[in-house]
J.: 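Attaching a single structure in structure tokens format; questions to follow.
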There are 2 protein chains.
Amino acid sequence: MKTLSQTEENYLKEIFHLSTAVEDRVSTNSLAARLNSKASSITDMLQKLADKGFVEYVKYKGCFLTELGESIAIQIIRKHRLWETFLVNKLNFGWEEVHAVAEQLEHIDSLKLIDSLDHFLNYPKFDPHGDPIPDKNGNIVYRESILQLIEVAPNSLVEVVAVSEDSLALLKFLEQHGLRLESELEILEKYPFDESMRIRSAKGEEINLSKKVAENIRVKFLAKI
Amino acid sequence: MKTLSQTEENYLKEIFHLSTAVEDRVSTNSLAARLNSKASSITDMLQKLADKGFVEYVKYKGCFLTELGESIAIQIIRKHRLWETFLVNKLNFGWEEVHAVAEQLEHIDSLKLIDSLDHFLNYPKFDPHGDPIPDKNGNIVYRESILQLIEVAPNSLVEVVAVSEDSLALLKFLEQHGLRLESELEILEKYPFDESMRIRSAKGEEINLSKKVAENIRVKFLAKI
DNA sequence: TTTAATTTTTAGGTTTGTCTAAAAAAATTA
DNA sequence: TAATTTTTTTAGACAAACCTAAAAATTAAA
């Protein structure tokens, strides 16, 4: 397997972060913002990454990682988080000063190094920021973390665990659509213009939720669909 | 202080090695050989490094490091040797497999990181190859009474203390014949025609070493036999 | 639905670090 | 010392990764 440039690795990593946290297809502009470069540079690079089989890219439609691209991105994230753990646990760095150094260390290319480090650190599951460390095979154990529904990306399956607003009307509305505690729902689409979202309830009903509503529903992430 | 590119750092490091070990003024060609590139590329870069004040360079006459260039080179070597020590002492790498990884790690830019690592390793004075580790201020403690094996007379018993060449092939060769650090060996005979020598390892095996190899093994004199 | 605004792409440059081929200088040899 | 060989430099190109400015596509608004 040929090795990627640091720049290419950073692109894959950011596409991964954006597509799990924010958008299903990652737009040129949002990548440009994350990578501190211009949209035209992003377009250039996306075309190259698509040629090499790391991303799917359609002009004007944004991109997402291929299986290959995703597995590479995950390994970079694994390295990043293991190094952060090393810096904090062994070298007594503060957890806020590790990021910049880990950004460099994550590009060191040696499988033996990273596996030895993992062993040396006793196979930690989470980094100093609480983020999960992917294992050698790229499996990521997501912590049972509670999110606002509005933060969840499309095509995610989540479980309702709480509703923070004490509005009787809201609770009734949710009840009517089968959105009660412990029920599952699927995020279908997010509309950036008003930050509303379309979801499918456990019953199969499709429902539109406004920003206000989606902010007040707390969910546990279950899976990507 | 602006940071140098990895390429620039590698140039300074090689100029340092060549000018302390081989030639006073480093020639374009010898740099080209060490850096695996063409003489014309070296010329280009030397002109840039001279402009930036890292080397003194006179056309057709070769180059040497300025005080600034040398202090940078020494810090890179410090990082390289500290990382090698980390890999061997903490991650249980073999001393012959550390070089390639340390070549990458030596370019990580963080003063805090390298000083913390130094502390974590307990301020080691020598790396796994027996080479001295420069301290924070760039001071290098050269070991006394250490000779190149090639300088030692027949019928001497010596102890291997360092291997100066970072050649994986050489390190493997030595490892295979039981010539590791702290092992003893006996010089049996020297052949003037090609400056090779015959030695007996600690295991009792008789081995012929070329001039090139014998130059790169550093030993401590123990006794006449 | 037509216009206006925004996003994205294309076209053409720049810098870094490399290369090959040819020219120039230095060193060696006869 | 003149001729030859070796070393080094110059000149011109190329790929990676970026940029600006302008064009094209998409999205939003009137």
Side-chain angles (χ1 to χ4, degrees), chain A residues 2-15 18-19 22-64 72 76 103-104 107 109 189-196 198 211, chain B residues 2-15 18-19 22-64 69 76 103-104 107 109:
Chain A
K2 56 185 173 290
T3 65
L4 308 209
S5 71
Q6 294 201 182
T7 307
E8 289 172 318
E9 291 192 347
N10 284 333
Y11 271 77
L12 297 186
K13 188 183 58 168
E14 291 306 338
I15 294 168
L18 286 172
S19 58
V22 185
E23 6 174 45
D24 209 41
R25 284 189 97 92
V26 177
S27 73
T28 301
N29 257 10
S30 54
L31 259 178
R34 288 279 296 218
L35 291 166
N36 286 314
S37 49
K38 295 301 154 80
S40 55
S41 310
I42 305 296
T43 301
D44 262 20
M45 182 59 100
L46 287 182
Q47 288 168 344
K48 286 176 196 161
L49 292 175
D51 286 348
K52 295 181 180 177
F54 302 128
V55 304
E56 298 279 338
Y57 165 66
V58 179
K59 266 191 192 180
Y60 296 103
K61 299 288 174 197
C63 69
F64 57 91
I72 294 169
I76 299 160
E103 287 284 296
Q104 297 178 63
H107 300 294
D109 176 35
E189 204 168 345
K190 294 175 82 168
Y191 305 104
F193 50 91
D194 66 350
E195 294 180 71
S196 72
R198 189 161 56 88
K211 180 188 181 191
Chain B
K2 55 184 175 291
T3 66
L4 309 207
S5 72
Q6 293 201 181
T7 307
E8 290 173 317
E9 291 192 347
N10 283 332
Y11 271 76
L12 297 186
K13 187 183 59 168
E14 291 307 338
I15 295 167
L18 287 171
S19 58
V22 184
E23 6 174 45
D24 210 40
R25 286 190 95 93
V26 177
S27 74
T28 300
N29 258 8
S30 53
L31 260 179
R34 287 281 295 216
L35 292 166
N36 287 315
S37 51
K38 295 301 154 77
S40 55
S41 310
I42 305 297
T43 301
D44 264 20
M45 182 58 100
L46 287 182
Q47 289 168 345
K48 286 174 195 162
L49 292 174
D51 285 348
K52 295 180 180 177
F54 301 129
V55 305
E56 298 279 337
Y57 166 66
V58 179
K59 265 190 191 179
Y60 296 104
K61 298 290 174 192
C63 71
F64 57 90
I76 299 161
E103 286 283 294
Q104 298 179 63
H107 300 294
D109 178 33

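Chain A is the first sequence line, chain B the second, and so forth, proteins listed ahead of strands; every chain is numbered from 1. These numbers were taken from a predicted model, which means no experiment stands behind them.
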J.: Let me know the distance between NZ of Lys38(B) and P of dT16(C), rounded to the nearest Å.
T.: 23 Å
J.: Using OP1 and OP2 only, check whether a side-chain N or O of Tyr11(A) sits under 4.0 Å from dA16(D).
T.: no
J.: Mind calculating the distance between CG (Leu35(A)) and P (dC19(D)) to the nearest angstrom?
T.: 10 Å
J.: Side-chain N or O of Tyr57(B) versus OP1/OP2 of dT8(D): is the shortest distance under 4.0 Å?
T.: no
J.: Indicate, with a heavy-atom threshold strictly under 4.0 Å, whether Ser37(A) touches base, sugar-phosphate, or nothing.
T.: sugar-phosphate
J.: Calculate the interatomic distance between Leu46(A) atom CG and dT7(C) atom P; express it in whole Å.
T.: 17 Å
J.: OP1 or OP2 of dA23(C) less than 4.0 angstrom from a side-chain nitrogen or oxygen of Tyr60(B), does that happen here?
T.: no
J.: With sugar-phosphate meaning primed atoms plus P, OP1 and OP2, does Ser41(A) contact a base, only sugar-phosphate, or nothing at under 4.0 Å between heavy atoms?
T.: base
J.: Between Gln47(B) and dT9(D), is there a contact of a side-chain N or O with OP1 or OP2 at under 4.0 Å?
T.: no
J.: With a 4.0 Å cut-off on heavy atoms, is Thr7(B) in touch with a base, just the backbone sugar-phosphate, or nothing at all?
T.: sugar-phosphate
J.: How close or far is atom C1' of dT15(C) from atom NZ of Lys52(B), stated in whole angstroms?
T.: 11 Å
J.: Taking atom P of dT7(D) as reference, at what distance in whole Å does atom CZ of Arg25(B) sit?
T.: 18 Å
J.: Regarding dT8(C), can its base be found pairing with the side chain of Ser40(A) as donor and acceptor, where the two atoms are less than 3.5 Å apart?
T.: no
J.: Can a side chain N or O of Lys59(A) be found less than 4.0 Å away from OP1 or OP2 on dA25(D)?
T.: no
J.: State plainly whether the residues Glu56(A) and Arg25(A) are in salt-bridge range, i.e. N to O under 4.0 Å.
T.: no
J.: Donor-acceptor pair, distance only, cut-off 3.5 Å: does the side chain of Ser19(B) make one with the backbone of Ile15(B)?
T.: yes
J.: To the nearest 0.5 Å, tell me how far Met45(B) CE sits from Leu12(B) CG.
T.: 9.0 Å
J.: Which listed nucleotide (dA25(D), dA17(D), dA24(C)) is nearest to the side chain of Lys48(A)?
T.: dA17(D)
J.: Please report, rounded to the nearest Å, how far the C1' atom of dC19(D) is from the CE atom of Met45(A).
T.: 14 Å
J.: How many whole angstroms separate atom CD of Glu8(B) from atom C1' of dT15(C)?
T.: 12 Å
J.: Do the charged groups of Glu103(B) and Lys13(B) touch, with an N to O distance under 4.0 Å?
T.: yes
J.: Go through the side-chain N and O atoms of Ser30(A) and Ser27(A) and say whether any donor and acceptor fall under 3.5 Å apart.
T.: yes
J.: Do the side-chain N or O atoms of Gln6(B) get closer than 4.0 angstrom to the phosphate oxygens (OP1, OP2) of dG17(C)?
T.: no
J.: Taking atom C1' of dT18(C) as reference, at what distance in whole Å does atom CD1 of Ile42(B) sit?
T.: 10 Å
J.: Return the pairing partner of dA30(C) with a 3.5 Å limit on both distances, Watson-Crick or G-U wobble; otherwise return none.
T.: dT1(D)
J.: Between dT27(D), dC18(D), dT18(C), which one does the side chain of Lys61(A) approach most closely?
T.: dT27(D)
J.: What nucleic acid atoms does Thr28(B) come within less than 4.0 Å of, heavy atoms only: base, sugar-phosphate, or nothing?
T.: sugar-phosphate
J.: From dA17(D), dT9(C), dT9(D), pick the nucleotide closest to the side chain of Ser5(A)?
T.: dA17(D)
J.: Using modelled atom types and a 3.5 Å cut-off, is there a donor and acceptor pairing between side-chain atoms of Glu8(B) and backbone atoms of Ser5(B)?
T.: yes
J.: Strictly below 4.0 Å: does Asn29(B) bring a side-chain N or O up to OP1 or OP2 of dT6(D)?
T.: no
